[in-house]
**Q** 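First, the structure itself, so that you have it in front of you.
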Amino acid sequence: MRNLKEGGERRITPMSLNCRSATLTSKKILELKPKPPFNFDATVHKPSWFPSSDLYWEKGKHWQSLLFKEEVFGIKMENKGEVDQPKIRLTIYSRRKLPQPLIDKVIAELSFRFDFESDLLEFINRFRQDKLLGPVIKKWQGMQVICSGSLYESLVISIVLQNATVKRSVQMLENLLNAYGSRVCFDGKTLSAYWQPEVLHKVSEEDLRKLKVGYRAKFIKKISEAFTEREIDEEKLRSLPNENLKKELLKIYGVGPASVENLMFEIFRRYDFLETIPPWDQKILSRLLYNKELVPTRKILRDVDRRWGKWKRLTLHYLWEDLFWKRKHQSVPWLEKLIRL
DNA sequence: CATCAGGGCCCTG
DNA sequence: CAGGGCCCTGAT
């Protein structure tokens, strides 16, 4: 469960000093048809995430930068369909005219990251009548799990989330993007884009620490090194069964049980995997599931498994995002107290 | 001012 | 396998 967003659709403006910046003038427009049901807004926008300058959302529209195959793209998606008849108008912005094979690869990658092909019918049918989950499913059915970034980028996010409050995580990530990322301009937006892992591999730990990432500098450097040396193969990891995947992820320096939990769910979509509930999540789930202040994690884990089985982790996502969508429109006092900015 | 905990993880004993 | 140390920040 990656967290928190600090109010509204406010977006962080990338600092325009000291940075490489590119205007993406070439565009390719395509139409995509995700597997129904597909809820566009609930999929592309996660109110529980903290804001970052590489993404921008407004109702029916999603923009992001995309660093893929050593090239920076601008992605725009517009909702042109309905939950039962989904249709997305995708525009790929780039510096140059793109060859068709590359376009196909970009689409395939987006299709993975936005889960366009995932089938949720079993989940929906099975829990339509569930007292707690049923109403949430009716409201949000077709909400898919996304990782808008690559595994490397998701790892960096996991690292800045560790042992920090929202505000600090935001600060660390923005500092990194400003210092080592780039800016892309397309469709009237300027967004940050990530850096190649090699870039940080070469940077000294001391320089990284200047960005106020603290002891995490070492983690970020080692992870960047691992990707530079191609020690981590995202494609290969995707095909591993849960236990092996978990073992591989834990080998990554700086990744422990809490980060594994996020990665298993958001990046690898293992909806049946749930082993750890970190303290902050515990507080929120205690309220959501029991309307109590604090329920032991062991009990939560057992109950969730009994009730929702192999769909337990996806269930939590539905309940969680539903809560944060509510928070957009009305204040949820007990939640506000838990969100420390 | 000083102290401390925090949405972990590594490393040591 | 428990617990100390680590970075920064804001709360007390």
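Every chain is numbered from 1, with letters handed out A, B, ... down the list of sequences. Every value quoted in this text rests on a predicted model; they were computed, and no experiment measured them.
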**Q** Give me the distance, rounded to whole Å, that separates C:dC7 from B:dT12 when you measure between the P atoms they each carry.
**A**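 That atom pair is separated by 15 Å.
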**Q** Dump every N/O contact between nucleotides 5-7 of chain C and the protein below 3.5 Å, one line per pair.
**A**
{"from": "C:dC7", "atom 1": "OP1", "to": "A:Arg209", "atom 2": "NH1", "distance (Å)": "3.4"}
{"from": "C:dC7", "atom 1": "OP1", "to": "A:Arg209", "atom 2": "NH2", "distance (Å)": "2.3"}
{"from": "C:dC7", "atom 1": "O5'", "to": "A:Arg209", "atom 2": "NH1", "distance (Å)": "2.6"}
{"from": "C:dC7", "atom 1": "O5'", "to": "A:Arg209", "atom 2": "NH2", "distance (Å)": "3.3"}
{"from": "C:dC7", "atom 1": "O4'", "to": "A:Tyr215", "atom 2": "N", "distance (Å)": "3.1"}
{"from": "C:dC7", "atom 1": "O2", "to": "A:Arg168", "atom 2": "NH1", "distance (Å)": "2.7"}
{"from": "C:dC7", "atom 1": "O2", "to": "A:Arg168", "atom 2": "NH2", "distance (Å)": "3.0"}
{"from": "C:dC7", "atom 1": "O2", "to": "A:Arg216", "atom 2": "NH1", "distance (Å)": "3.2"}

**Q** Hey, is the side chain of A:Gln171 poking within less than 4.0 Å of OP1 or OP2 on C:dC8, counting only N and O atoms?
**A** no
**Q** Is it true that A:Ser53 and A:Glu174 share a donor-acceptor pair across their side chains at a distance under 3.5 Å?
**A**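 Yes.
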**Q** Suppose you measure atom C1' in B:dC9 against the same atom in C:dG10; what distance do you get, rounded to whole Å?
**A** 23 Å
**Q** Who passes salt bridge (charged side-chain N to carboxylate O under 4.0 Å, His left out) against A:Asp187, sequence neighbours left out?
**A**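 A:Asp187 satisfies salt bridge (charged side-chain N to carboxylate O under 4.0 Å, His left out) with A:Lys76 once adjacent residues are dropped.
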**Q** According to the Watson-Crick and G-U wobble definition with distances under 3.5 Å, which dot-bracket string, read 5' to 3', encodes DNA chain B, using [ ] for crossing pairs and | for pairs with another strand?
**A** .|||||.||||||
**Q** So what does A:Ser259 touch, heavy atoms closer than 4.0 Å: a base, only the sugar-phosphate, or nothing?
**A**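 Sugar-phosphate, no base atom in range.
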**Q** Are the charged groups of A:Glu243 and A:Lys247 less than 4.0 angstrom apart, N to O?
**A**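 Result for this pair is no, no salt bridge flagged.
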**Q** Using a strict 4.0 Å threshold on nitrogen-to-oxygen distance, state whether A:Asp303 and A:Arg307 make a salt bridge.
**A**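 Answer for the salt bridge query: no.
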**Q** When the nearest nucleotide of DNA chain B is assigned to A:Pro279 and to A:Lys218 on a heavy-atom basis, which residue is associated with the more 5' position?
**A** A:Pro279
**Q** Is the gap between the ring centers of A:Tyr194 and A:Tyr152 under 6.0 Å?
**A** no
**Q** Round to the nearest Å and state the distance from A:Lys337 atom NZ to B:dG6 atom C1'.
**A** 19 Å
**Q** With the threshold set at under 4.0 Å for non-hydrogen atoms, list the residues of residues 291-303 of chain A touching DNA chain C in residue-number order.
**A**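 Per residue number, the list is empty: none.
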**Q** For A:Glu225, what residues pass the salt bridge (charged side-chain N to carboxylate O under 4.0 Å, His left out) criterion, not counting sequence neighbours?
**A**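 With sequence neighbours excluded, A:Glu225 shows a salt bridge (charged side-chain N to carboxylate O under 4.0 Å, His left out) to no residue whatsoever.
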**Q** As an exercise, state the distance from CG of A:Leu211 to OH of A:Tyr180, rounded to the nearest 0.5 Å.
**A**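 A:Leu211 CG to A:Tyr180 OH: 5.5 Å, rounded to 0.5 Å.
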**Q** Report the distance from atom CD1 of A:Ile159 to atom P of B:dG6, rounded to the nearest whole Å.
**A** 20 Å
**Q** Would you call A:Glu122 and A:Lys310 a salt bridge, using N to O less than 4.0 angstrom?
**A** yes
**Q** If you draw the axis of the six-membered ring of A:Trp308, does the NZ or CZ of A:Lys312 fall within 45° of it and under 6.0 Å from the ring centre?
**A**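 Judged by the rule, A:Lys312 and A:Trp308 form no cation-pi pair.
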**Q** In this structure, how many angstroms lie between the P atom of B:dG6 and the NZ atom of A:Lys283, rounded?
**A**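 In whole Å, B:dG6 P and A:Lys283 NZ are 7 Å from each other.
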**Q** Do A:Glu109 and A:Lys69 meet the salt-bridge criterion of a basic N to acidic O distance under 4.0 Å?
**A**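 No, A:Lys69 and A:Glu109 are not salt-bridged.
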**Q** My understanding is that only residues two or more places apart in sequence, or in another chain, count here; which of them pass side chain to side chain donor-acceptor pair (under 3.5 Å) with A:Arg128?
**A** A:Asn125
